[in-house]
2 protein chains.
Amino acid sequence: MYQERKALLNARAKVLKAMAHSTRLFIIEELVKGERCVCDLTDQIGADVSTVSKHLSVLRQAGIVCDDKRGNQVFYRLRVPCIINFFGCVESVLESQAQDHAATLSAVGK
Amino acid sequence: MYQERKALLNARAKVLKAMAHSTRLFIIEELVKGERCVCDLTDQIGADVSTVSKHLSVLRQAGIVCDDKRGNQVFYRLRVPCIINFFGCVESVLESQAQDHAATLSAVGK
DNA sequence: TGGCTTGTTGGCTATATTGCCAAATAGCTA
DNA sequence: TAGCTATTTGGCAATATAGCCAACAAGCCA
């Protein structure tokens, strides 16, 4: 049952795992607007260039972005723009957590 | 820019991270069909009960599932059924990887 | 009560991830 | 060629994750 599906589920998990970091989500959101070079992303994120480069590498290996070297800059773009549609549902999860939190506060009388 | 959005992005990342494991994806797929007790899931997954229980705990803490104790069994169900809509896009990523792979094989003449 | 079943938690080890610095690579320009 | 900029890679320390076993909690039934 599970063993039969494990290979596919692992492949899916790998994609989700690649997205599961605030910096990488930020990069994805930026790339929805259009391609960006590593230096632009690095400026916005405010981390070491090597750190940003490794995050991009994670996204590339997962098949989420692809890159294009022009001159001495490397431009990244989304391979699969529908990625952004994920967030509607993720937001639903966050909202349902918020409701719980509100209910808890209410139960405690705050 | 990034710093301002970081808290929200971290919250989203937490949800994605909770989903990013083959066993937990399997659990989610099962729960789409309806609620399940820990023992049923454990049978299907074939791991130690404690391992499955901890995966369920990760999903619960992320707000993805909720539980309901009845007798000496605990039943889990999805809190946010739209979770399943994620996979269309994840699948697109996997397909575009497969196309690359085919292109590579073709370029090598296989 | 005693024993069985169902789940959760603590503890441990093995493994993976994150982010920094330093070093290496590659393209541009003088 | 020398020097500068842009990016990637290696290495390291700190931290997090996965999965097993053992121990514990709670409900059921004889």
Side-chain angles (χ1 to χ4, degrees), chain A residues 1-3 5-7 9-28 30-31 35-62 64-77, chain B residues 1-3 5-7 9-28 30-31 35-62 64-77:
Chain A
M1 190 64 102
Y2 168 61
Q3 293 303 322
R5 296 186 59 65
K6 195 167 180 179
L9 295 176
N10 261 319
R12 286 181 177 173
K14 198 176 158 194
V15 176
L16 291 169
K17 200 168 176 179
M19 299 177 68
H21 188 283
S22 59
T23 299
R24 296 196 291 266
L25 288 180
F26 178 80
I27 291 171
I28 290 171
E30 272 303 297
L31 298 188
E35 64 173 21
R36 294 283 188 274
C37 67
V38 181
C39 52
D40 283 348
L41 293 170
T42 300
D43 284 349
Q44 293 185 85
I45 292 164
D48 195 272
V49 197
S50 69
T51 299
V52 174
S53 179
K54 281 183 184 174
H55 281 304
L56 286 165
S57 168
V58 170
L59 291 171
R60 191 184 337 102
Q61 282 179 48
I64 295 172
V65 303
C66 57
D67 60 332
D68 182 18
K69 183 161 195 170
R70 295 204 293 276
N72 61 350
Q73 291 183 310
V74 180
F75 290 86
Y76 281 82
R77 64 175 184 277
Chain B
M1 188 66 102
Y2 168 61
Q3 292 303 322
R5 295 187 58 66
K6 196 167 178 180
L9 295 176
N10 260 319
R12 286 181 177 172
K14 197 177 157 193
V15 175
L16 291 169
K17 201 167 176 180
M19 298 177 68
H21 189 285
S22 60
T23 299
R24 296 196 290 266
L25 288 179
F26 178 81
I27 291 171
I28 290 171
E30 273 303 295
L31 298 189
E35 63 173 22
R36 295 284 187 274
C37 67
V38 180
C39 52
D40 284 347
L41 293 170
T42 300
D43 284 349
Q44 294 185 84
I45 291 165
D48 196 273
V49 197
S50 68
T51 300
V52 175
S53 178
K54 282 182 183 174
H55 282 303
L56 287 165
S57 169
V58 170
L59 292 171
R60 192 184 336 103
Q61 282 179 48
I64 295 172
V65 303
C66 57
D67 60 331
D68 182 17
K69 184 160 195 171
R70 294 205 294 274
N72 61 350
Q73 292 183 310
V74 180
F75 290 86
Y76 281 83
R77 63 176 185 278

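Residue numbering restarts at 1 for every chain, and letters A, B, ... go by the order of the sequence lines.
- Toward the 5' end of DNA chain D, the nearer of the two residues B:H55 and A:L56, judged by each one's closest nucleotide, is A:L56.
- Base engagement by B:S50 is indicated by at least one non-hydrogen atom pair under 4.0 Å involving a base atom.
- Tested against B:I45 for a side chain to side chain contact (heavy atoms under 4.5 Å, CB included), the candidates B:T23, B:D40, B:T51 yield a single pass: B:T23.
- Relative to the side chain of A:Q73, the nucleotides C:dC20, D:dA6, C:dT18 differ in distance, and D:dA6 lies closest.
- Residue A:K54 places a side-chain atom within donor-acceptor reach of the base of D:dG10, judged by atom type and a 3.5 Å distance cut-off alone.
- OP1 and OP2 of D:dG19 both lie 4.0 Å or more from every side-chain N or O belonging to B:T51.
- For the pair A:L59 and A:I27, the minimum side-chain heavy-atom distance is below 4.5 Å.
- For A:D48, taking side-chain heavy atoms from C-beta onward, the closest of the listed nucleotides C:dC20, D:dA6, C:dT9 is C:dC20.
- In terms of phosphate contacts, A:K17 brings a side-chain nitrogen or oxygen within less than 4.0 Å of OP1 or OP2 of C:dT17.
- When distances are taken from the side chain of A:V38 to each of C:dG7, D:dT7, C:dC20, the shortest belongs to D:dT7.
- Rounded to an integer number of Å, the gap from CG of B:L16 to P of C:dT17 is 16 Å.
- A:M19 contributes atom CE, which lies 4.0 Å from atom CD1 of A:I28 (distance to the nearest 0.5 angstrom).
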